[in-house]
Amino acid sequence: MKIAICGKGGSGKSTVTTMLAKELAKLGKKVLVIDSDESNYGLSRQMGVELPMDFTAYFGGKEKALQDMMLSNFTHQFFNGTWTLQDIPEKYYSEKDGVKLMASGKIHVANEGCACAMGNVIGQFVEHLVLAKDEYALMDMEAGIEHFGRGIDNSMDIILMVVDPSYESLALTGKVLELGKSIGKPVYFVLNKVDKENETLMREGVCQEAEIIGELPAEKSIQAAGLYGEELKVDLEALKAIVEKII
C-alpha cells in the first residue's frame with residue numbers, strides 16, 4: 001500500500017510518518033519511507049538514521065535530470081519498468097529496525113534552481129513502484145498541496161492529512177478532501193497535537209465530510225525529540241488505532 005502523508009508546514013507530517021512507519025514495522029510489515037520534502041532535513045533524525053544520498057543522483061544528479069526533462073519537452077521517462085523495494089540501490093537508502101528511508105533530494109546550496117527534477121524523478125518512482133503483500137510505502141509530502149498539482153498523488157492508494165490546531169490547517173482539510181476525491185483517492189484525517197482545550201474546536205473546524213481516523217496527543221516527549229533532533233521512540237495507543245484502520 002502506498003500512503004501519501006500531507007498537510008501544511010509544521011503540522012507534524014514527518015513526525016506522523018515516522019511513528020506510523022515504526023508501528024507498521026513492529027507488526028512485521030516491510031516499510032519504505034520516501035522523503036519528498038526538499039526543504040525539510042528533520043525526517044532522518046526522527047527515524048534515527050543518516051540522510052541517504054539524493055535519489056536524483058542515481059540519474060546523474062539534479063542538473064542532468066533537469067536537462068533530460070527539458071530536451072524531451074518534459075516527457076523524459078527515468079524508469080522503463082517496475083521497481084520493487086529490493087531494487088533500490090543500497091547507497092540510496094538508510095535502514096533501521098525494518099524501515100528504509102530514501103529521499104528524492106534536498107536543496108543544498110543557494111541559487112541551485114527549482115526542485116522540479118527531484119519531484120519528477122520521485123513521482124515516476126512511486127508510479128513504477130510495485131509492492132508485495134505486507135509492504136508499505138509512506139511518502140512524506142512537501143508542505144501544502146503542490147504535490148497534487150505535480151500528479152504524485154495519482155499513484156498513491158490513500159491520502160492521509162495531518163491536521164494541527166491552527167486555522168490554516170483546519171481550513172485546508174476541505175481542499176485536500178476535494179483534490180483527493182477528484183482523482184478517486186480515499187482521504188483520511190489525523191488530528192495532531194490534540195489536548196483538552198483544542199480537541200472540540202479541531203473536530204468542529206475540519207470540513208464536514210472529513211473522516212477522522214485518529215487523534216494524536218500534544219505529547220511532550222514528541223515535542224522534545226523534534227526540538228533536539230532525536231529519534232522518535234513512543235508507544236501510543238492512539239497510534240496503534242490509526243494503523244489498524246489503515247491496514
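On a predicted model such as this, the values are computed, not experimentally measured, just so you know.
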Check whether the side chains of Thr75 and Asn73 place a donor and an acceptor atom closer than 3.5 Å, and report yes or no. no
Are His147 and Ser36 close enough that some pair of their side-chain heavy atoms sits under 4.5 Å apart? no
Nearest 0.5 angstrom please: Lys175 NZ to Cys207 SG, how far? 12.0 Å
Around atom CD of Glu63, are there more than 12 heavy atoms of other residues, nucleotides or ligands at under 6.0 Å? no
Quick one: does Asp54's side chain have a donor or acceptor within less than 3.5 Å of a partner on Gly61's backbone? no
Plane angle bin for Phe55 and Tyr92 - parallel if under 30°, tilted between 30 and 60°, otherwise perpendicular: perpendicular
Main chain of Asn198, side chain of Asp195: is a donor-acceptor contact present, judged purely on distance under 3.5 Å? yes
Would you compute the distance between atom CG of Leu66 and atom CE of Met70 and round it to the nearest 0.5 angstrom? 6.0 Å
Salt bridge or not for Lys13 and Glu142, using N-O below 4.0 Å? no
Counting distance only, does the side-chain N/O of Thr82 pair as donor-acceptor with the main-chain N or O of Val130 below 3.5 Å? no
Electrostatic pair Glu231:Lys22 at N-O distance under 4.0 angstrom: yes
Do Asp97 and Lys26 sit within salt-bridge range, that is, some charged N less than 4.0 Å from a carboxylate O? no
Can you sort out the partners of Phe78 under ring-ring contact (aromatic ring centres under 6.0 Å, His included), two or more places apart, ordered by chain and number? Phe59, His76
State whether Tyr93 and Lys100 meet the cation-pi test: NZ (Lys) or CZ (Arg) under 6.0 Å from the six-membered ring centroid, and within 45° of the perpendicular axis. yes
Side chain Ser94, main chain Glu50, donor-acceptor under 3.5 Å: yes
I would like to know whether Val190 and Leu216 meet side chain to side chain contact (heavy atoms under 4.5 Å, CB included); could you show each step before the answer? CA-CA 7 Å; Val190 171; Leu216 297 174; 3.9 Å; yes
So for atom OH, which belongs to Tyr58, do other residues, nucleotides or ligands contribute more than 12 heavy atoms lying within a distance under 6.0 Å? no
Sidechain N-carboxylate O distance under 4.0 Å for Lys2, Asp157: no
From Ile152 atom CD1 to Met141 atom CE, the distance as rounded to the nearest 0.5 Å: 5.5 Å
May I ask you to check whether Thr84 and Gln86 show a side-chain donor-acceptor distance below 3.5 Å? yes
Heavy-atom donor-acceptor pair, Asp35 side chain to Asp37 backbone, under 3.5 Å: yes
Strictly below 4.0 Å, N to O, side chains only: are Glu146 and Arg150 in salt-bridge contact? yes
Rounded to the nearest 0.5 Å, how far apart are CD1 of Ile159 and CG of Leu179? 8.0 Å
Can you tell whether the side chains of Glu215 and Arg203 come within less than 4.0 Å, N to carboxylate O? yes
Between the CD1 atom in Ile183 and the CG atom in Asn154, the distance rounded to the nearest 0.5 Å is 4.5 Å
For Val33 and Thr18: C-alpha separation, side-chain torsions, deciding distance, then whether side chain to side chain contact (heavy atoms under 4.5 Å, CB included) applies. CA-CA 8 Å; Val33 172; Thr18 299; over 6 Å; no
Is there a side-chain contact between Tyr136 and Leu20 in this structure, where contact means two heavy atoms from C-beta onward sitting under 4.5 Å apart? no
Pair Gln46, Thr15: side-chain N/O donor-acceptor within cut-off below 3.5 Å: yes
